[in-house]
2 protein chains.
Amino acid sequence: MQPVRVGSKELIREINSSLVLGELRGGLVSRTELARRTGLSLPTVSEIVGELLGNGVIEERETASSGGGRRPVLLGLKADAGYVIGIKLTETRVIAVLTDLNAGIVERATAEVATSDVGTVVRTVAKTVRSLKGGRLVYGVGVGVAGVIDRAGGVVRHGTYSDWHDVELAALLEKKLGLPVVVDNDVNTLVANEQWFGAGRGVSDVAVVSIGRGIGLGMVLDGRLYRGAGGGAGEFGHTKVVADGPLCDCGGSGCLEALIGEPAICARAGTATIEEAIDKARQGDETTVKIFDQVGRTLGTAVGNLVNLLNPKLIVLAGEGTRAADLFLPGFDDALRSTVFDGLQRDLEIVVDDWDDEAWAQGAAGLFLGELFQPNLRPDEAGRPSLTARSAS
Amino acid sequence: MQPVRVGSKELIREINSSLVLGELRGGLVSRTELARRTGLSLPTVSEIVGELLGNGVIEERETASSGGGRRPVLLGLKADAGYVIGIKLTETRVIAVLTDLNAGIVERATAEVATSDVGTVVRTVAKTVRSLKGGRLVYGVGVGVAGVIDRAGGVVRHGTYSDWHDVELAALLEKKLGLPVVVDNDVNTLVANEQWFGAGRGVSDVAVVSIGRGIGLGMVLDGRLYRGAGGGAGEFGHTKVVADGPLCDCGGSGCLEALIGEPAICARAGTATIEEAIDKARQGDETTVKIFDQVGRTLGTAVGNLVNLLNPKLIVLAGEGTRAADLFLPGFDDALRSTVFDGLQRDLEIVVDDWDDEAWAQGAAGLFLGELFQPNLRPDEAGRPSLTARSAS
DNA sequence: GGACTTCCTTCGGTGACCTTAGTAAGGGGT
DNA sequence: ACCCCTTACTAAGGTCACCGAAGGAAGTCC
């Protein structure tokens, strides 16, 4: 049995505060409306609102109109109540954004890191964070890295594009910054963004497939980001889809990534970059068109199998690879349809979300915000960030 | 956002009662020890225990020895506090067991049903349940059926071995029996049993693969049975593992089930039954031995991909097909090892659990018990069964 | 038989919830 | 202009589940 937090008055308050805060995210709402939406009684909502007002997390805005009665006072998150910083680490760059509590980007910064040396990366990140922060109240930092990540411990177990092994990234950054830091797989940052602020909002079961150099997968199952027993769930790119297929960097053969990752496409199309391959296909080169069609079919089958296993409500295709969506989508759809088991077709929705590097960083911020807004049902993870217990400086 | 239940005093009590009951399942424990294990204070535990004693759910047993102090009064589930009935529906038979609150089998019964006519099946099940029940206090019934099941609504959306579509099985049975009924996919009954009473106890992330005529999959993710958005998760048997593979009953081609389900093995081995094929292989027939080896490899690759996606801690192989485990396990292991991504190997555990039909029925009982013992964190699903609010007759 | 241990209960306090009963603030009809 | 109606919110009081502290119960040991 996973440890379950014991029921207590504090737990109740935490749950209900989160409920109220959740409704306040992304909209102005009155106390009465909050009570209606959350199912709480009006006095309870009033008290919680009072507390949040006192903390400076939310504020009263203008009054709305009413149909013949006292006008409701609208409440909303205080724009400058605090900020969060999101970081996306790539091989060569640190991409950072400062966002408000609605994950809206306020400021951005990037820095180059030529090396994968841990110390250098940590220093660069810290410098970037400090310059973004300025004198502002920042609740914490979310970091997205490609690889197998132990989210609870903030450890990079196995970096995809680096030789990192068991690097305690969160601890190192927290020490340097004096801020709470959450580290997670980069695809999960996209998922967090989807779940909290994007197309996946309000959907309990979502799979986000990122296409690009590698093929990644992030999942929201039963309303929660799923990471697997050791934080290693989502190695979609390394599922084996053909027997005796091409060799993959991971050491295996027949990996999805080795078939339809950008390097593989370039190799087959005989181009140096993926852009060239796309151009070639768009100009009507038959062989290249066929390559993209096959890529679509391979991906469609793999995603179809994923649907058979998990029966999500929504599939989001994201990442740079979606630039070629027009080329591979027909094949993708076709293969998907013939792969997915009969009964699971009808309610399935597919969305293509064309995101850039900055969106990954924004997602990392969303990851931290998710942590901030969600009640903590597990036993106390030490130092877990909170909006109400102002630990941030 | 999935609806989250609002925090209240009742929620606290429910959580903590479940905590206490959970510790009491499968062992005698004193009040003090309960307090220590749950993290609750002694007075709270005492009060909850008092309530449960009053309800007749638990009882005081003998006192244990102590090292120089008052002896602890051991508490345990009352053996005859109530019962649960588990049903496994197959094409031709209704297999039923009556279990106590620890899922221990007290009595059993089976009945033949030649037809798949809903009315006839429901009548036969009802008759079987009534004969098993006798005059006893039965909290409810759990039913396992192969197919896509909407667990929340108790609806069989799509039967695997029947032409059932959108059959409201739970409602029909509840009406006939006057007892709460839970319906779920049959593999999930195995999972429930594993999770609550078997090898998967205490493990948060488990995949149970059932092998036999079909290939099924049940999952515990993050400590909870995962069913997918529409209850259709786990169609492992219908994932496509080879391009242009053999046709499957489902209409697709290349399904795992069409490759390594028992009918497929028989066809390839040229035998009428799977037993014959097993015998043939055990007697050293090379072709047949090779067939089983290939079956193992195919399964191993598929399960390996599953591990890449979900990173479970434990894989349980179950079902009649495990009779041939000696024949296919070497190939299975080999393929699994070469499929699973590097970092995910180390903590993975594989267990073969040789279960018979009765175990499926026992699992169905466990399914209902799980419902009974787990606190309800979602908004009130009407008529959800409970141990403390004695709705059973 | 007294001291010490250990188990459990009693009692009072706290806090978060709810219900009920107000008060505040606007609209509209006569 | 007045009064009443509607709607939004606040105040007061009650309930209940939690906890800590203190005390009673039931042993063991010397």
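Keep in mind that the numbers below use all heavy atoms, side chains included, and drop hydrogens, waters and symmetry copies. So that the names make sense, note that chain A is the first sequence line, chain B the second, and so on, each numbered from 1.
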Report the distance from atom CD of A/E47 to atom P of D/dC9, rounded to the nearest whole Å.
16 Å
Does B/S46 place a side-chain N or O at less than 4.0 Å from the phosphate oxygens OP1/OP2 of C/dC8?
no
Is a donor-acceptor contact shorter than 3.5 angstrom present between the side chain of A/R70 and the base of D/dA8?
yes
Within the pair B/S8 and C/dC18, is there a side-chain N or O less than 4.0 Å away from OP1 or OP2?
no
Can you tell me how far P of D/dC9 sits from CG of A/L53, to the nearest Å?
12 Å
Among D/dA17, D/dC19, D/dA8, the one nearest B/L40 by side-chain distance:
D/dC19
Nearest to the side chain of A/L42, heavy atoms from C-beta on, is which of C/dT14, D/dT10, C/dT9?
D/dT10
Would one find a side-chain N or O of A/N16 under 4.0 angstrom from OP1 or OP2 of C/dA16?
no
Check whether any side-chain nitrogen or oxygen of A/S30 sits under 4.0 Å from OP1 or OP2 of D/dA8, and answer yes or no.
no
Verify the contact: side-chain N or O of B/T44 to OP1 or OP2 of D/dC19, cut-off strictly under 4.0 Å; return yes or no.
yes
Smallest heavy-atom separation, B/A364 atom then B/G86 atom, equals CB-CA, 3.9 Å
CG on A/L42 to CZ on A/R31, rounded to 0.5 Å:
9.5 Å
Could you tell me how far apart A/R71 (CZ) and C/dA25 (P) are, to the nearest whole angstrom?
12 Å
d(B/I15 CD1, B/T38 OG1) to nearest 0.5 Å is 12.5 Å
Nearest-nucleotide 5' precedence on DNA chain C, A/K9 against A/I48
A/K9
Please give, in whole Å, the distance from D/dA25 P to B/R31 CZ?
15 Å
Are B/R13 and B/E47 within salt-bridge range, i.e. N to O under 4.0 Å?
yes
Once you round it to whole Å, what is the distance between P of D/dC19 and CD1 of A/I12?
12 Å
Given D/dG20, C/dT19, C/dC8, which nucleotide is nearest the side-chain atoms of A/S41?
C/dT19
Looking for any heavy atom pair under 4.0 Å, which part of the strands does B/V73 touch: base, sugar-phosphate only, or nothing?
sugar-phosphate
Please state how far atom CG in A/L11 lies from atom P in D/dA17, giving the value in whole angstrom units.
15 Å
Using atom CD of A/E14 as one end and atom C1' of C/dC17 as the other, report the distance to the nearest whole Å.
16 Å
One thing to verify: whether A/K313 and A/D205 come together as a salt bridge, which I'm taking to mean a side-chain N less than 4.0 angstrom from a carboxylate O.
no
Among D/dC19, D/dC9, C/dC17, which nucleotide has an atom closest to any side-chain atom of A/P72?
D/dC9
Can you tell me how far apart CG (B/L11) and CG (B/N16) are? Round to the nearest 0.5 Å.
9.0 Å
Starting at CG of A/L34 and ending at P of D/dC9, how long is that distance when rounded to a whole Å?
9 Å
Output yes when at least one side-chain N/O atom of A/R13 is less than 4.0 Å from OP1 or OP2 of C/dG15, else no.
no
